[in-house]
Colleague: 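Sharing a structure with you now.
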Amino acid sequence: MKREFSWKVASNLFVSFKYAWEGVQYAFNTQRNFRIHVIIGSTAIALGVFLQVSLVEISIITLTIGAVLAMELLNTAIESLVDLTVEQTYHQLAKIAKDCAAAAVLISSFAAITVAGCLLLPPLYLLVKSFLG
Ligand SMILES: Nc1ncnc2c1ncn2[C@@H]1O[C@H](COP(=O)(O)OP(=O)(O)OP(=O)(O)O)[C@@H](O)[C@H]1O
């Protein structure tokens, strides 16, 4: 269906993917928190592989990290929309939108840290214990 109000509509799936990747690149280049989450998330998955946790556990960790990164991207999208709408003027609703978007990132981060801690700390503890004799 043609969307009349869009300046441009992606012509096919490949073009849609290209624009989505541009979104990831924008977030990575401009959002420090997004970069931090990419680094922590990659480290957690690498640690899971190193500790040989099960594939189901790796999947759960990956899912929670994916949720955090997706929340970061939505947070960036909402920030941009708010700035587009109110520019540099103060508005109580702009504050609510930005604060709630940031809170979504925070809550998903806490959940991801809890999941990674529950799944990675016990095998890490056993590994360290076996090293120390
Ligand atoms: N136009 C506005 N009106 C009211 N409050 C605003 C407005 N713009 C920003 N704020 C307040 O300032 C805070 C920081 O705004 P900013 O645009 O840096 O978002 P942020 O969530 O901190 O960004 P980031 O996720 O990149 O750290 C917001 O959470 C909000 O409380």
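For ligands, and for the atoms within them, numbers begin at 1 and follow the listed sequence. Remember, it's a predicted structure, so these values are computed and weren't measured experimentally.
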Colleague: Would you say Val82 contacts ligand 1, with heavy atoms under 4.0 Å as the rule?
Modeller: no
Colleague: Less than 4.5 Å apart, side chain to side chain, heavy atoms only: is that true for Glu72 and Asn75?
Modeller: yes
Colleague: Closest non-hydrogen protein atom to atom 28 (C) of ligand 1, residue and atom name please, with distance?
Modeller: Asp99 OD1, 3.5 Å
Colleague: Going by a strict under-4.0 Å cutoff (protein heavy atoms only), does atom 23 (O) of ligand 1 have a neighbour on the protein?
Modeller: yes
Colleague: Identify the protein heavy atom lying closest to atom 27 (O) of ligand 1, giving its residue, its atom name and the separation to 0.1 Å.
Modeller: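 The answer is Asn33 ND2, 4.1 Å.
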Colleague: Please tell me whether Val56 and Leu63 are part of a single hydrophobic cluster in this structure, the criterion being side-chain heavy atoms less than 4.5 Å apart.
Modeller: no
Colleague: Honestly curious: do Ile45 and Val38 fall in one hydrophobic cluster under the side-chain, below-4.5 Å linking rule?
Modeller: yes
Colleague: Which atoms of ligand 1 have any heavy atom of Ala94 under 4.0 Å away?
Modeller: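 Here the atoms of ligand 1 in question are 1 (N), 2 (C), 3 (N).
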Colleague: Would a 4.5 Å heavy-atom cut-off, applied to side chains only, mark Thr64 and Ser108 as touching?
Modeller: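 Result no, sub-4.5 Å side-chain heavy-atom pair not found.
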Colleague: Can you tell which part of Asn75 has a heavy atom less than 4.0 Å from ligand 1: side chain, backbone, both or neither?
Modeller: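 It is the side chain that gets close, since no backbone atom is under 4.0 Å.
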Colleague: Record the part of Gln31 in heavy-atom contact with ligand 1 below 4.0 Å; permitted values are side chain, backbone, both and neither.
Modeller: side chain
Colleague: Please report which non-hydrogen protein atom sits nearest to atom 5 (N) of ligand 1, along with the residue it belongs to and the distance in Å to one decimal place.
Modeller: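 Among all protein heavy atoms, the one nearest atom 5 (N) of ligand 1 is Lys95 CB, 3.5 Å.
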Colleague: Taking CG in Leu93 as the centre, count heavy atoms belonging to other residues, nucleotides or ligands within less than 6.0 Å. Is the count above 12?
Modeller: yes
Colleague: Give the minimum heavy-atom separation between Ile65 and Ala44, together with the two atoms involved.
Modeller: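 Nearest pair, atom of Ile65 first, then Ala44: CD1-CB, 4.1 Å.
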Colleague: Mind jotting down which residue pairs meet the salt bridge (Lys or Arg N to Asp or Glu O under 4.0 Å) criterion with at least one end in residues 86-96? Sequence neighbours excluded, please.
Modeller: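 Passing the test, one end in residues 86-96: Lys95-Asp99.
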Colleague: Say you draw a straight line from NE2 of His37 to CZ of Arg32; how long is it, rounded to the nearest 0.5 Å?
Modeller: 11.0 Å
Colleague: Nearest to atom 19 (O) of ligand 1 by heavy atom, His91, Glu79, Arg32, Glu72: which?
Modeller: Glu79
Colleague: Is atom 11 (C) of ligand 1 close to the protein, meaning a heavy atom under 4.0 Å from it?
Modeller: no
Colleague: Give the table of side-chain donor-acceptor pairs shorter than 3.5 Å for residues 18-25, with sequence neighbours excluded, one pair per line with atom names and distance.
Modeller:
unit_1 : atom_1 : unit_2 : atom_2 : d
Lys18  : NZ     : Glu22  : OE2    : 3.3
Tyr19  : OH     : Lys8   : NZ     : 3.1

Colleague: Considering the heavy atoms of Val86, write down every atom of ligand 1 situated less than 4.0 Å from one of them.
Modeller: 1 (N)
Colleague: Do me a favour and list the nearest non-hydrogen protein atom to atom 17 (O) of ligand 1 with residue, atom name and distance?
Modeller: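 Going atom by atom, the protein heavy atom closest to atom 17 (O) of ligand 1 ends up being Lys98 NZ, 2.7 Å.
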Colleague: May I ask you to identify the nearest protein heavy atom to atom 1 (N) of ligand 1, giving residue, atom name and distance to one decimal place in Å?
Modeller: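 In this structure, atom 1 (N) of ligand 1 has Thr89 O, 3.0 Å as its nearest protein heavy atom.
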